[in-house]
Amino acid sequence: MIKITFPDGAVREYAEGVTALDIAKSISEGLARKILAASVNGQVQDATKPIYHDASLKLLAWNDEGGKSTFWHSSAHLMAEAVESLFPGTKFWVGPPVDNGFYYDMDLGGKQITEDDLRKLESKMAELAKKNEVYVRKEVPKAEAVKYFQDKGDEYKLDLLQNLNDGEITFYTQGGFTDLCRGPHIPNTSFIKAIKLTNIAGAYWKGNEKNKMLTRIYGVTFPSQKELDEYLAMLEEAKKRDHRKLGKELSIYTMNDDIGAGLILWMPNGTVIIEELEKLAKETEQAGGYKRVVTPHIAKENLYHTSGHLPYYADSMFPPMEMDGEKYYLKAMNCPHHHKIFDAEPKSYRDMPYRLAEYGTCYRYEQSGELFGLMRVRCLHMNDAHIYCTKEQFAQEFKAVNDMYLKYFKIFGIDKYVMRLSLHDPEKLGQKYVNEPELWLETEELVRNVLKETGVPYVEVKGEGAFYGPKIDVQIWSAIGREFTLATNQVDFAQPRSFKLSFTNKDNEAETPLIIHRAPLGTHERFIGFLLEHYAGKFPVWLAPLQVKVLPISDKFMDYAQTVLQSLKNADIRCELDDRNEKIGKKIRDTELAKVPYMLVIGEKEMNENRISIRRQGKGDAGSKSLDEFIGEITAEIKSRKSE
RNA sequence: GCCACUUUAGCUCAGCUGGUAGAGCAACUGAUUUGUAAUCAGUAGGUCGUUGGUUCGAUUCCGACAAGUGGCUCCA
């Protein structure tokens, strides 16, 4: 007999070789029907795998960590089985579970797969799932495994086998499909009740763009149709929030073939938001001791050799323009320009920290396939600043920048983000990262300490640093789930040297400063894209392109409406009058859809009593007030930059 | 950049297997003068992304290019 310890601390005895599924059955049949996998001594494994020694056990169902991923992993195998039956001869690479489902990469031997094929595959999967096929695990010696895939002519699985040794190799078979797989898997296919294959995509073999492109099919499955329906409804909701859809509906921005891909045309509504954001940034930076500067959009080639950008990032800069035998580049970053301002006059320790800020326009030649609405563009306006400081000042300055982020995030009510400490990858020193191993470690530790002091949770990721130093990135997710860096706070120990920047210290010696690059509000493009989705288009009053719409009941009250409008204008409120010959219901509907925060309804009653009736977007009738009272309140709301 | 798909009126979308296009909303005009999410009627609006080819004939079939979309790669 062996002792099994349950999560609640209870210990029960079972015969050797008992499976998690047996144990579940011994508790109740109903429980057994929900068990997808088991966590044995913290290791996720098949619920059907025998247990021979005392162990702690957690039975994993759909909502447990490890349950869902096992379910989706098994679903990937089920999909592969369906693909093999409909497209014989397909060779499979890997098919892991992901955040929202699973995929499988495959080589279809030149055949193409269409949307229609996905529907056929779904049917086939459903058919196979109903057969109640059991996932059978088998340990296989390496020689046998190699022979199996050699006979099949499957170079992909043979490649996987290269890195595996005897004792590590297992095959899983369900129905007629056998795959090299570490597992674990769900007990059988009947758990999979609802199937949706979502899209077909290309994916480079092993993620290397020099390799062959495989076909990747993404899918998602659920233990019931209801859950699939809910998931699809959620996707529909997310689409409504998509900044590309809202950006068009609310006339925020547009793009045009004659202008170029990734080049945003900000319409009047979008420009209002830009100007409000800049106002906020300027106030905040003024208070933070920054000085503002303005620099040109282009610079000569040599500047970017000095900065070190050209050898590293030439590919992502627009090609140079030649003039009088000199090459000019559109700037992809503002820092070199700022360094030249720092360097224009001698600096002493008394000038430090020296903080330069600019909403700088940058141009980056992003790959065509990378462009994405406002989130990934080729012309961007960065909330940029560079802080030149001494080593002693660094921690305090870096922390002040972090505090500035948090202050901004509070204003916008941003809470769904991840702070990422982005470090270098020692293997890529000299290629992707300046070759200063000790400086990297030293500054990474400085940044880590700042983060710890701030007490903000963060994750560390190797290989995400800038080429000139480590950084803190604020990661956010777009409505459709794509991850982006919203804001960034970076250390630079490379450029101060390459630009030979220095200040005179107390001992009258030349000393090299450290630089902090920071962009708490990221770029206008990405930030407004994010805000559109964050607010679902319903901007707080201070950001709303149109703050108040005046809605007269009929033409009879147009004169009074005009005086109301004029008073609002005099109070610097962004307002318009709906003077169309429409019924009030129609005017309200259109204004609601345009997501204007306040509507002032004006009719006979209001005119006679010299008042206005207020309707708040999304909330309906909000009673009546005197106009002065309303103006006082909305002005305070705007000034407070309240994010409701 | 790579794989795949898409591109029809200002917007959202119809248009089967080739015979030069249609709806709703928006716009404009008229009637209506209206009380908290769509008043009615009429009018106008499209070289069917661009460009080659096949064909008697191309929005429709094929190619190239551009832009967009889903991924991959990339992302200072």
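Chain A is the first sequence line, chain B the second, and so forth, proteins listed ahead of strands; every chain is numbered from 1.
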Output the rounded distance in Å from CZ (A:R376) to P (B:rG71).
14 Å
Answer with base, sugar-phosphate or nothing: what part of the nucleic acid does A:L551 contact at a heavy-atom distance below 4.0 Å?
nothing
Hey, what's the ring geometry for A:Y359 with A:H524, parallel, tilted or perpendicular (30° and 60° as the breaks)?
parallel
Given protein heavy atoms under 4.0 Å, the one-letter contact record of nucleotides 61-66 of chain B, with B base, S sugar-phosphate only and - none, is simply ------
Round to the nearest Å and state the distance from A:L214 atom CG to B:rA4 atom P.
13 Å
With sugar-phosphate meaning primed atoms plus P, OP1 and OP2, does A:R482 contact a base, only sugar-phosphate, or nothing at under 4.0 Å between heavy atoms?
sugar-phosphate
Counting any heavy atom closer than 4.0 Å, what does A:Y103 reach on the DNA or RNA strands: base, sugar-phosphate only, or nothing?
nothing
Would you say A:R244 reaches B:rU69's phosphate, i.e. side-chain N/O to OP1/OP2 under 4.0 Å?
yes
Any base atoms under 4.0 Å from A:F484, or only sugar-phosphate, or nothing? Heavy atoms, all strands.
nothing
Under 4.0 Å, counting only non-hydrogen atoms across every strand here, what does A:K471 touch: a base, just sugar-phosphate, or nothing?
sugar-phosphate
Classify the nucleic acid contact of A:E582 as base, sugar-phosphate or nothing, counting any heavy atom under 4.0 Å across all strands shown.
base
Sugar-phosphate, base or nothing in reach of A:K245, heavy atoms under 4.0 Å:
nothing
From CD of A:Q367 over to C1' of B:rC74, roughly how many Å is that when rounded to an integer?
5 Å
State, yes or no, whether a side-chain contact exists between A:H339 and A:D343 at a heavy-atom distance under 4.5 Å.
no
Under 4.0 Å between any heavy atoms, over every strand shown, what does A:E606 touch: base, sugar-phosphate, or nothing? Just pick one.
base
Do A:Q495 and A:D492 meet the criterion of a side-chain donor-acceptor pair at a distance under 3.5 Å?
yes
Indicate, with a heavy-atom threshold strictly under 4.0 Å, whether A:I553 touches base, sugar-phosphate, or nothing.
base
Ring-face cation contact, A:F318 with A:R364, 6.0 Å cut, 45° max:
no
If you take atom types as modelled and just measure distance, does the side chain of A:R526 reach the base of B:rC75 with a donor-acceptor pair under 3.5 Å?
no
A:T215 side-chain N/O to B:rC3 phosphate OP1/OP2 under 4.0 Å:
no
Just checking A:R615: base, sugar-phosphate only, or nothing, at a heavy-atom cut-off of under 4.0 Å?
base
Paired and unpaired positions of RNA chain B as dot-bracket, Watson-Crick or G-U wobble under 3.5 Å, | denoting a partner strand
(((((((..((((.....[..)))).(((((.......))))).....(((((..]....))))))))))))....
With a non-hydrogen cut-off below 4.0 angstrom, is A:S316 in contact with a base, only sugar-phosphate, or nothing?
base
Can a donor-acceptor pair under 3.5 Å be found between the side-chain atoms of A:Y204 and the base atoms of B:rG1?
yes
